[in-house]
Structures are given as structure tokens and as C-alpha cells.
Amino acid sequence: MSVRADAVPLQGSLFDQDEVPGLRPLASALGRQHLSDGAWVDVRPGWITGAEALCEELLAAVPWRAERRRMYDRVVDTPRLLRFYSEAEALPHRLLEEARDALTEHYAAEPGAQRFTTAGLCLYRDERDSVAWHGDRIGRGATHDTMVAICSTGAPRRMLLRPRGGGATRTLVVGHGDLVVMGGSCQRTWEHSVPKETHPTGPRISIQFRPHGVR
Ligand SMILES: O=C(O)CCC(=O)C(=O)O
Ligand SMILES: [Fe+2]
């Protein structure tokens, strides 16, 4: 699957409501798109099986919080619910631990690779929830290459990527167990966002795995 300038729905497993959450093989269906300035993005459509069941379980099991967040020099309302799991905390589902460890193993050969240790969970309740343009630039992401791996469950949403210095926006549509990994210089030379939608949209939960200190 490549990243294109127009919206392309990833082919996740669409009718897996009754499937037990699990992981499909990672390497065989992972595609890399090189962006500019040493940034890249890997996409593995439908990596997680039973992603709808997983979404339901996380909706119920995670102690979701509304937060206000510093963005640049302002504090803004976060139009989505969040829960951050540090490396010291148990994750709310065993599949998330499996996914984190599979990602660490797969990406170990990547230059400068670090283990994925933390998990940030975001709940986009409906089409009005979103995340504004940003890079994950707290910690290493501001100065060095790093990787952020995002698993999506629930309703598909658009994820946009654009070069920080200006240029065409790339659109991914992520949901239903899709995996997106941003790597190389992506957090400092590119920005990403999940925009609001205008059509009614069900909940999406994203799970972001990051190395120590990256946010
Ligand atoms: O929900 C997503 O896929 C992206 C979330 C994100 O970019 C972040 O929390 O830093
Ligand atoms: Fe981000």
C-alpha cells in the first residue's frame, strides 16, 4: 500500500466483529513510502484481526480522560479522550503488549532503532474529534530520527501528512486494524493530523507506540 495524494481507504478486515483480537504477519504486507528529507512511512493494512472487538474492549476497559494540552505556546482543549501508559504500566489488553513487542522486534534492524516502550491511546468519539497538525517532538523526535507506530481500531479516519516546510499533503485512511509507522525524520521534518470530518463517524481508537521519552 502506498501513500497517495488522494484519500485511499486501507483494506483492513471489515467484517471481523466476532474475531478474537490477534496479529497477522507483519513483514509480508508492510509497504514503505519514502517522503522527503529522510522521512518515511510504513503501512501494514489490517495488521490486527478482530480490531472491532478490540475497539469495544478498549472503549470499556480504558479510564479515558479529557485533557488540555500545551501546543506551541498555547494551552488548548484536546478534542478527543486520552490515556497514556508509561513503560512502568501494564497495558489494558494483552494484544497491545504483543503488538508493541512485535514492532520492537521487527524494527530492531532499522538505523538508530530503540525499543517501543510507551503506549498512548486516543479515542476519537465521533467526527468532531480530531488532532491538529503537529510532530511528536517532545524528546528525541525533535532532534533525531525516531519511530512512532500507530495501530487503528474502529471507524476509519483520515490521517494527513505534510512537509513542515510546505508542500503537498498526503492522505491515509486508517481504521480496522491498520498499522502506520512514521520513521526517519518524520517527526521533525513532517507534520501529521487527524482532521474533523463532516459526515457521521463512529468511534476510532488509535494506539501509538513510542520509544522512551518520545511524545
Ligand atoms: O490518532 C492518531 O492516529 C494520531 C495521534 C497523534 O498523532 C498523537 O497523539 O500524537
Ligand atoms: Fe502525533
Side-chain angles (χ1 to χ4, degrees), residues 1 3 7-10 12 35 39-48 51 54-55 58-59 62 64-72 76-86 91 96 99-100 103 116-142 145-164 169-197 201-215:
M1 181 88 220
V3 185
V8 181
L10 301 181
L35 306 172
W40 52 260
V41 64
D42 279 356
V43 178
R44 197 308 180 196
W47 184 38
I48 297 177
L54 178 62
C55 189
L58 293 175
L59 264 176
V62 171
W64 296 104
R65 290 185 198 145
E67 278 183 10
R68 288 169 67 76
R69 179 171 188 170
R70 182 164 287 279
M71 272 272 184
Y72 307 105
V76 294
D77 278 325
T78 306
R80 56 192 170 134
L81 300 183
L82 304 160
R83 178 69 165 85
F84 181 77
Y85 292 87
S86 70
L91 298 184
L96 302 192
R100 178 197 61 203
L103 288 162
F116 293 101
T117 54
T118 66
L121 272 60
C122 292
L123 167 58
Y124 301 81
R125 292 157 291 187
D126 60 27
E127 67 280 4
R128 292 167 296 185
D129 276 352
S130 61
V131 65
W133 286 111
H134 70 282
D136 297 5
R137 283 156 60 89
I138 296 175
R140 185 185 166 85
D145 288 4
T146 193
M147 286 182 280
V148 177
I150 301 179
C151 299
S152 295
T153 69
R157 292 291 297 256
R158 286 182 303 148
M159 180 180 205
L160 310 182
L161 291 154
R162 71 179 184 194
R164 193 167 281 274
T169 296
R170 316 275 187 127
T171 303
L172 293 168
V173 177
V174 289
H176 300 307
D178 298 327
L179 168 71
V180 170
V181 181
M182 292 179 278
S185 69
C186 203
Q187 301 307 328
R188 63 180 196 281
T189 63
W190 282 62
E191 298 178 303
H192 53 280
S193 69
V194 176
K196 298 181 196 307
E197 298 292 350
T201 305
R204 165 178 178 258
I205 293 174
S206 78
I207 303 131
Q208 311 111 38
F209 296 108
R210 299 183 181 86
H212 175 80
V214 176
R215 284 294 277 277

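Keep in mind it's a predicted model, so treat the numbers as computed, not measured. Note that ligands are numbered from 1 as they come in the structure, with each ligand's atoms numbered from 1 the same way.
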Protein heavy atom at shortest distance from atom 3 (O) of ligand 1: Arg204 NH2, 2.7 Å
For Asp136 and His134, test the side chains for any donor-to-acceptor distance below 3.5 angstrom and give the result as yes or no. yes
Sub-4.0 Å atoms of ligand 1 with respect to non-hydrogen atoms of Asp136: 10 (O)
With heavy atoms of Ser206 as the reference, note each atom of ligand 1 found under 4.0 Å away. 1 (O), 2 (C), 3 (O)
Ligand-residue contact atoms, ligand 1 with His192, heavy atoms, under 4.0 Å: 7 (O)
State the atom name: nearest N, O or S atom of His134 to the Fe ion (ligand 2). NE2
Does any part of the side chain of Leu81, heavy atoms only, come nearer than 4.5 Å to the side chain of Val62, both counted from C-beta? no
Under 3.5 Å, is there a donor-acceptor pair between the Arg157 and Ser152 side chains? no
Is Arg100 close enough and on-axis enough to Tyr85, meaning under 6.0 Å and within 45°, for cation-pi? no
Looking at ligand 1, would Arg157 count as a contact under a 4.0 Å heavy-atom criterion? no
Check contact between Arg80 and ligand 1, using heavy atoms of the residue and a distance below 4.0 angstrom. yes
Non-hydrogen side-chain atoms of Val41 and Cys186 separated by less than 4.5 Å: no
Report the nearest protein non-hydrogen atom to atom 8 (C) of ligand 1: residue, atom name, distance rounded to 0.1 Å. Arg210 NH2, 3.4 Å
Any side-chain donor near an acceptor of the partner, Ser206 and Gln208, under 3.5 Å: yes
The Fe ion (ligand 2) to Asp136: nearest N/O/S atom name: OD1
Which residue holds the protein heavy atom closest to atom 4 (C) of ligand 1, what is that atom called, and what is the gap in Å? Tyr124 OH, 3.7 Å
Is any side-chain heavy atom of Gln187 closer than 4.5 Å to a side-chain heavy atom of Met182? yes
